[in-house]
Number of protein chains: 2
Amino acid sequence: MRDRSPRTASYSVDVVLMTAMGNELAVLFARNSTERERWSLPWRISQSGETLDAAAARVAQEALGESPIWMEQIGAFGDGKRHPSDADVSVAHMGLVPHETASPRAGYAWFSIGDLPPLSPRQRAMIETATRTIQGRLDQAPIAFRLLPATFTLSELQQMYELLLSKRLHKASFRRALQASWLVESIDEWRSEGRGRPAQLFRYAPKKRRRPQRGVRFDFLYP
Amino acid sequence: MRDRSPRTASYSVDVVLMTAMGNELAVLFARNSTERERWSLPWRISQSGETLDAAAARVAQEALGESPIWMEQIGAFGDGKRHPSDADVSVAHMGLVPHETASPRAGYAWFSIGDLPPLSPRQRAMIETATRTIQGRLDQAPIAFRLLPATFTLSELQQMYELLLSKRLHKASFRRALQASWLVESIDEWRSEGRGRPAQLFRYAPKKRRRPQRGVRFDFLYP
DNA sequence: GCGAATTAGTCACTTTATGCGACTAAAGTC
DNA sequence: GACTTTAGTCGCATAAAGTGACTAATTCGC
């Protein structure tokens, strides 16, 4: 590997790390080193010779001590002024972690999405985009599965979908659609949650299947 | 407007302008100023004080003399080396124009997507992302309508969808779904295309309607 | 002028997907 | 052991999508 001396780059790499905390989504923030009461999304000034994905992975690693199971770039943001760095542009990534296994390092903390700290407009836009991306890609990528532990009950899975979609789902329909998708596999374990019948545990194990070939959809309203 | 002296920024703004040319998608390229046989996507080095969207609009304007009807950022690209500029990172936008009204300025030309000139890996990735974005957002945004002239026949619309999806659609199903969507409106004009019954003209005129509230979809295969 | 060819547009029937209430099952609570 | 609670399934009703066959309006060949 060649060692090029890093030079000041005019863009930052920011990461929106999300988890499902209780009944709400939560985002990970880093405490500001100078103003102790200010928080911001974890970020770093990019270094030449590092890919965007690698930079984002490193930011996440520093915050959590581990890499998120799912990570995806959500775009470049340059319009809102006043980023914690002085960068003209920030490239944002979104990362998902199950809450059970995610313990932030010192100086980092989860904030529930309904109760965020004051932020720069640019970082606020990133979080807005991340939540919209989650909703929009829920049916195209295993978002919900990445927010759950490796094994889970079908009720937990349904509750995760309900949380992410902000709407109730019908149990029988949910399970029928899930069956048809060949995405999960039951394992020979049950979990008893105090009262009620114990639930069987499942894991995410997508199987080959024909891609459902539907006709056209016109699912947009405007414009 | 404040006049700040521009400084070298380490990112470029590139635009993937697309149109439907005959039976294929086509992308707009700019002739390289030094090597006359080389082509590249239109781009510019960003200037401080200009938003990303504004920079992209300006690049498109310079290439076409007009702004595309539809434009959307498709991400930041930093991994493939050797961009025409020396930028570490390039922010790419996608723009759509109807071919009928799109005449490139001198030094620019359309290349059919199946027959592209040699490109830097990074710009190749942008085009790849743009085509995937088109397919993925076809049912969520009026992509097909933006590639057609203001008035069109339903057969033309269906052919556009067939081109973008690379598959045949059934006429009756297509029209039934379109009716249900309240996206088009017939106008009192007919077009005769030589042989066959004349077709009524329509225009894109989305009407208010309830958002179709379906249950969950598990439409992904892997991962 | 007239039948064949061509493109537009619609209909009716079948198949598939989804919504939804009601049911059975297995545990804890009192 | 009756009641509550959560898990899991069944079956019917309704909605959406796939499909071939039909009618309609025009040009073309002769």
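Just so it is clear, the model here is predicted, and its values are computed rather than measured.
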Chemist: Sugar-phosphate means primed atoms, P, OP1 and OP2; the rest is base. With that split, encode nucleotides 18-27 of chain D 5' to 3' as B, S or - using protein heavy atoms under 4.0 Å.
Modeler: BBB---BBBS
Chemist: Counting any heavy atom closer than 4.0 Å, what does T153(A) reach on the DNA or RNA strands: base, sugar-phosphate only, or nothing?
Modeler: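 T153(A): no heavy atom of the nucleic acid under 4.0 Å.
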Chemist: Need one value for Q200(A): base, sugar-phosphate or nothing, where a base atom within 4.0 Å counts as base even if backbone is also close, heavy atoms only.
Modeler: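 Contact class for Q200(A): sugar-phosphate only.
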Chemist: Would you mind checking if R214(A) and D139(B) are paired as a salt bridge, meaning a charged N to carboxylate O distance below 4.0 Å?
Modeler: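 Salt bridge absent between D139(B) and R214(A).
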Chemist: Holding to ring pair (Phe, Tyr, Trp, His ring centres under 6.0 Å), I want the full list of residues that pass it with F77(A), two or more places apart in sequence or in another chain.
Modeler: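 Partners of F77(A) by the ring pair (Phe, Tyr, Trp, His ring centres under 6.0 Å) criterion come out as none, since no residue qualifies.
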Chemist: May I ask you to decide whether E156(A) forms a salt bridge with R191(A), counting only side-chain N to carboxylate O separations under 4.0 Å?
Modeler: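 Counted as a salt bridge, because a side-chain N and a carboxylate O are separated by less than 4.0 Å.
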Chemist: For residues 96-117 of chain B, dump all side-chain donor-acceptor pairs below 3.5 Å to protein atoms at least two apart in sequence or in another chain.
Modeler:
residue: S112(B); atom: OG; partner: E24(B); partner atom: OE1; Å: 2.4

Chemist: Return each pair, listed once, that meets salt bridge (charged side-chain N to carboxylate O under 4.0 Å, His left out) where at least one residue sits in residues 51-70 of chain B; pairs must be two or more places apart or across chains.
Modeler: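 Pairs touching residues 51-70 of chain B that pass the test: R44(B)-E62(B), E50(B)-R58(B).
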Chemist: In terms of relative ring orientation, are F145(B) and F218(A) parallel, tilted or perpendicular, with 30° and 60° separating the classes?
Modeler: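 The arrangement is tilted - the two ring planes meet at 30° to 60°.
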Chemist: For L157(A) and dG8(D), what is the distance between atoms CG and P respectively, to the nearest whole Å?
Modeler: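 To the nearest whole Å, that distance equals 12 Å.
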Chemist: Are there over 12 heavy-atom neighbours, none belonging to Q135(B), within less than 6.0 Å of that residue's CD?
Modeler: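 Atom CD in Q135(B) is packed in, count exceeds 12.
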Chemist: Rounded to whole Å, please give me the gap between CG in L178(B) and P in dA16(D).
Modeler: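 My rounded result for the distance is 15 Å.
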Chemist: With a non-hydrogen cut-off below 4.0 angstrom, is R217(B) in contact with a base, only sugar-phosphate, or nothing?
Modeler: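 Result for R217(B) = sugar-phosphate.
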Chemist: Whole-Å distance between dA16(D) C1' and Q179(B) CD?
Modeler: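 The answer, rounded to whole Å, is 15 Å.
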Chemist: Quick one: how far along DNA chain C does chain B reach, first to last nucleotide 5' to 3', anything under 4.0 Å to a heavy atom?
Modeler: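 Answer, 5' to 3': dT6(C) to dG19(C).
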Chemist: Are side-chain heavy atoms of T151(A) and F202(A) found at a separation under 4.5 Å?
Modeler: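 No, side chains not in contact.
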Chemist: Among residues at least two apart in sequence or on other chains, which ones pass salt bridge (charged side-chain N to carboxylate O under 4.0 Å, His left out) with R132(A)?
Modeler: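 E128(A).
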Chemist: Quickly work out the F218(A) CZ to dA16(D) C1' distance and round it to whole Å.
Modeler: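 It works out to 14 Å between those atoms.
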Chemist: Measure the distance from NZ on K167(B) to P on dA17(D) and round it to the nearest whole Å.
Modeler: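 About 12 Å, once rounded to whole Å.
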